[in-house]
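Residue numbers begin at 1 in each chain, while the letters A, B, ... track the order of the sequences.
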Amino acid sequence: MIENCYIHIPFCNKICNYCDFCKVYANDELIKKYLKALSYEIDTYYTNDILNTIYIGGGTPSSLEKEELDYLFSILNNLKKAEECEFTFECNLNDIDEFLLSYLKDKGVNRLSIGVESFNKSILKVLGREYDFDTKSKIELSKKYFSNINIDLIYGIKGQTLDDLKNDLNKFIELDVKHISIYSLILEDHTILKINNYEEIDEDLNREMYDYICKFLKENNYNHYEISNFSKEGYESNHNLNYWNNGKYYGFGLGASGYIDDIRYTNTRSITKYINNKYRYIMENITEKIDMENFMILGLRKTQGVSNTEFKKRYNKNIQDVFDVSKLEIKKDCYYINENNLYISNYILQDFIDI
Amino acid sequence: MDKEHIRNFSIIAHIDHGKSTIADRILELTNAVDKRDMKNQTLDTMDLERERGITIKLNAVSLNYEYNGDNYLFNLIDTPGHVDFTYEVSRSLAACEGAILVIDATQGIEAQTLANLYLALDNNLEIIPIINKIDLPNAEPDRVLKEIEDTLGFKKEEVILCSAKEGIGIKELLDRVVEKIPCPKKEYNHDKLSALIFDSYFDPYRGVVLSIRVVNGKIRIKDKIKMIKTGATYEVISLGVNTPKQVEKEELCEGEVGYLTASIKSISDVRVGDTITLERDSVDEALAGYKEIKPFVYCGLYPIDSKKYEDLKEALEKLKLNDASLEYTPEVSKALGFGFRCGFLGLLHMDITRERIEREFKIDLIATSPSVIYEVTQTDGTIFKIDSPSKMPEKVKIKQITEPYIKANVFAPSVYIGPIMELCQNKRGTYIGLEYIDKTRVNITYELPLSEIVYDFFNKLKSATKGYASFDYEVIGNKPSDLVKMDILLNGEVIDALSLIVHKDFAYQRGKAITENLKKIIPRQMFEVPVQAAIGSKIIARETVKAMRKDVLAKCYGGDVSRKRKLLEKQKEGKKKMKMIGSVELPSDAFLEVLKVDDE
C-alpha cells in the first residue's frame, strides 16, 4: 500500500540562478504533451492506493495557465485521496492571486508551499528572483484561503550579513505562517551561479547563521523537526516526513523519484524522452541492507532521530547490532544526532553506509 | 665462443638521457627481438619501470653481431640510472670491459653523467661517448660536443652522434663496440673459477637466479660452488644466457655473462658483488670491489587498515626475495598500530617499494617521515644507532649525536647559482666549491646533512632552477650536530609517528612550518583540534584546526534518495584514505606532508 505521491511540473517562466532542479522554459505545446505523458505514466503505474499525501512540485506548478491546470487536475482526479489527505501545491509569489488561490482550494489543495527565498532585494538579485510586488500582501492573501502554508527561504548567500538574515527571519515571523523550510544556498553544478563563478559564503558565518536560525525559530515556538525544517505544532509536512521515514511513495513526472515495492527509481530528465513515454531512467533494487542504511541516513535528518522499535519492526534487528552508533545520542527508544552536530550530519551519516 | 669475439659492455647515462631506448635499438639491430614483439624499454620488465621510464633492476642480454664477416657475442648489461642504486651500477660495470656513455643532445652533461663516468673509469672501462637525441629540434650537438671535449676530455672523433628514436648512428656504435672495447682478459694465471655476481632475482620455481660474469676459469652444470663472502655452497642446477629469452647451456666460459640457478632458497645467501668459486678447487680471494650495502634511509610503513598487517608482512617478504637491500623489522606505534620499520638505499628506493606494495599487493599504506641513522653517544659512554625518532634517549642522557653527511654535486645553468646556494644554505649545507663546466653551466659542490635532503630537496632544487638542475650525491660519513627530538601533538596527545629529529637552531622555524602545514592538511573535525610542536615539555608552536562547520545534504527534493546516497558514498570514498589517530582523523599522506615545508 503506497500512501504518498509526488508529481513534478517542470515548467518555469524564469530560471533561477541557483536552481539545478529539473526544469524547462514553459511552452504551451510542450506543456500539453507533457501533461498527456504524465497522465499516461500515472495510469500505468498507479494501483488505486488511497493516498495520504499528494505533493505537486516543480519547476513552477503555479506557472500553468488555467486550461493546463484544468487538465492537470482532471488527471489528479483519478487519484484516490484519504479523507485527511495533505495536498500540497508549490506556488511562485508572482503567480499568487485571488483566482489561483480559490481555484486550488476548490480542487482540494489544502497546503501551499511558497518560494519566497528572501525578503531582501539585493539577495533576490543574486538568486535571480527579482520582482517588485509586496511579498507580505501576497502571503496575507494566501492566508485568507489556506491555513497550512510553508515558506521557503534561502540563506548563506555571499554578501549576506547576519543582520540581513535576522531581517528576513523577522519578516517571516510577522507573516505568522505555520511552516518554514530554510536552506543554506548550495552551489550546484550546471547552475547559473556556478557558471558565473559565484564565490561561496564564509563557512563560519554560514554556521553562525544556521545556529541563529535554530535558536530564533525555537524562541518563536517553531518546532525544529528536521535539519532545515521548522513548523508550528501539528503542521509538520507529512509528505516530507514520509521520505525521512524511508516510506514508499509514487513519484510521477520529469526527473521525479519514487520508491515502489523494492525498487527506487528516478525518471528521465529529458523532456523529449518523457513525452515519448520513456519514463524510467534509473531503477535500483533495494536490498534489506540498503534499506536499513537508508532508514538511518534519512531518519537521522529528523531531530527526534530513528526509533529502534520501528527498526525492529521492519528488520527484526536492533539498530545497535547493525550499525556503529558511537556518534549518536540516545533518548528512550530513539537514536538521534546531537543538535550541535546536526549541521555536520553528512560526516556522521557516512558511518551508516557501506561502500 | 673464443674470448676474442666476446664484448661485455654497459650503457651508462644520466636519467632520461635515453639509455633504455638505445638498448632497444641495439636489440632490434642484432635481431634479438622481433620487430613485432618490440615494445619500449624491452629490458625493463616491471610495470613501474615502464611507467616511470626508469630502470630499477639490472638485466643482462647476450646478442650476436656480425662485423667484417666475423660473429661476435655481445653481452649488454643494462644498469639503473638512479643514484640510490649506485652500488648495483658499480657491480654491473665490474662485469664489463667497456661502457657506452649516453649524453642527451638537448641537455648536455648532468650530475649522473659524471658520477657514472667516474664509476666506469674506476672499473677501468673503455668508454664510448655518444650524443643521443640529435633528431630533436632543440638538440645542440655542437655545444654538447664541446662540453664533452672540455669537461670529460674525449676527442671529437671519439664521439658518435645518435638518435635512438630514429635509429641514427646505432650501426656505427655497434661497430665501435667491436673495435674499441677490449675482449675479456684472463684475470689470473691459473684456471680456477672466479665468477662475479652482479645481480640476482627470485623465481618462484627455480629459487634465486644469479646473473654472473665468469672472470676466470669456467663453470659447468653440477659443479659444487661456494660463495666466498657468505660461505654458502650449492650445486649448479642450470646455466644459460638471455637472448633475451633464456637459453640453457652446459657451461659458461671465461669472459662470458649469463645466469645460474642452484636451488637457492634465500636471497640473503647471495650478495651482489660476491665471488663464486668451486668448492673443491677454490680461489681464496674474492674479486675486488665487494661491499656490504646498508640502507641509510628509514621510514615506518603501516597499513591504513590495521587488519592488513599480516598482508603487509607477506608483501615485504615477497619484495625482499628480489631486493636484498630492503630491510624491515616489526615496529609498534601508539598512533598507527602495528607496522614495520623499513630501511632503503635511498628515497627513490623507498618510494618505489611503497608504491609496489600499494599497487601489487593492494594495501593502502601510511609512510612516516623518512629518517636517517643517527649515532648517539650517551653520557655513560655507550654508543648506539637509532633509525627512528622514537628511539631517541632522554635529552639528559645524551652526550653527543652525529648524523650522516653527503657530498652533493649540483649541475645547473650558472644563472641559478644564487637560488641553489640559498637552498643548500637553508638545508644546513657547507659550501665546498664551484666549477664551470662551460660558460653557462656550473657544478656546485656542497656538504649537506643527509636528513635535510631525504624529503623534498630534489623537488625544491627543481623548482628553484625551473627543472634545469641535476643532482648527485655520495654519503661521506657522520658529523656531530646539535640535534633534538621534536614531538607533534594533536588534541594534546603526542603522535609518535609524527615525531622527528631536527637541528636545534632550526627547530622553532620547523615547528612553526610543520604546525601550519598540518593545519592546512588536517580536515576539520567534529571538534576543534589544537596542533602543537614541542621539544620535551616545551611547546614551541601552535595552530588550531577549527571544528567542522557545515556538512549537510542538500534539499532532499522530490525524494531523490539515490542522489543523496551517491553524495554520501562519494564523501565516504574520500575518507577511505584517512586514519583515525587518537581522536583525530588524518589523511594518510599527512605523515609525509609534515616534512614538505617551505624554508622561507
Margin query: Measuring from atom CD of A/E208 to atom CZ of B/R549, what distance do you get when rounded to the nearest 0.5 angstrom?
Written below: 8.0 Å
Next item on the list: Please state whether the side chain, the backbone, both or neither of A/L185 comes within less than 4.5 Å of a heavy atom of chain B.
Entry: backbone
Item checked: Over 12 non-hydrogen atoms of neighbours within 6.0 angstrom of OH in B/Y508 -> no
Checklist line | SB check B/K566 A/E284 (cutoff 4.0 Å) | finding: no
Check: Taking only residues two or more places apart in sequence, or in another chain, which ones meet A/E86 in a salt bridge (Lys or Arg N to Asp or Glu O under 4.0 Å)?
Finding: none
Item checked: Closest heavy-atom pair and its distance - A/Y249, B/V561 -> OH-CG2, 4.0 Å
Next item on the list: Considering only NZ, NE, NH1 and NH2 on the basic side and carboxylate oxygens on the acidic side, decide whether A/D20 and B/R563 come within less than 4.0 Å.
Entry: yes
Item checked: Audit row: B/Q571, A/Y347, side chain to side chain contact (heavy atoms under 4.5 Å, CB included) steps and yes/no -> CA-CA 8 Å; B/Q571 264 190 315; A/Y347 180 80; over 6 Å; no
Margin query: List the residues meeting salt bridge (Lys or Arg N to Asp or Glu O under 4.0 Å) with A/E117, not counting sequence neighbours, and say none if there are none.
Written below: none
Next item on the list: Answer with side chain, backbone, both or neither: which region of A/I348 has an atom nearer than 4.5 Å to a non-hydrogen atom of chain B?
Entry: side chain
Margin query: With a 3.5 Å distance limit and no angle check, can you tell me whether B/K550 reaches the backbone of A/N206 through a side-chain donor-acceptor pair?
Written below: no
Please tabulate, for the side chains in residues 537-546 of chain B, all donor-acceptor contacts under 3.5 angstrom to protein atoms that are two or more places apart in sequence or on a different chain.
| residue | atom | partner | partner atom | Å |
| --- | --- | --- | --- | --- |
| B/R542 | NH2 | B/T544 | OG1 | 3.3 |
| B/K546 | NZ | A/D204 | OD2 | 2.7 |

Check: What are the residues of residues 302-318 of chain B, in order of number, with any heavy atom under 4.5 angstrom from a heavy atom of chain A?
Finding: none
Checklist line | A/E329, CD: over 12 other non-hydrogen atoms inside 6.0 angstrom | finding: yes
Note to self: Please find the pair of heavy atoms, one from A/N346 and one from B/L567, that lie closest to each other, and give the distance.
What the structure shows: ND2-CD2, 4.0 Å
Next item on the list: Please round to the nearest 0.5 Å and tell me the distance separating atom CG of B/L568 and atom CG of A/L349.
Entry: 5.5 Å
Next item on the list: Supply the atom-to-atom distance B/E573 CD to A/Q350 CD, rounded to the nearest 0.5 angstrom.
Entry: 11.0 Å
Next item on the list: Taking atom CG of A/D261 as the centre, report whether more than 12 heavy atoms of other residues, nucleotides or ligands fall under 6.0 Å from it.
Entry: no
Item checked: Considering all heavy atoms, the nearest A/N341-B/M526 contact -> ND2-CE, 3.1 Å
Next item on the list: Count the heavy-atom pairs under 4.5 Å between each of A/H239, A/E203, A/E293, A/K327 and chain B, then report the option with the highest count.
Entry: A/E203
Checklist line | A/F352 CZ to B/R565 CZ distance, which is reported to the nearest 0.5 Å | finding: 13.0 Å
Notebook entry, point to check: Hey, is OH on A/Y198 packed in by over 12 heavy atoms from elsewhere, all under 6.0 Å?
Noted result: yes
Item checked: Nearest-0.5 Å distance, CD of residue B/E569 to CD1 of residue A/I297 -> 8.0 Å
Checklist line | Side chain / backbone / both / neither for A/D351 at chain B, heavy atoms under 4.5 Å | finding: both
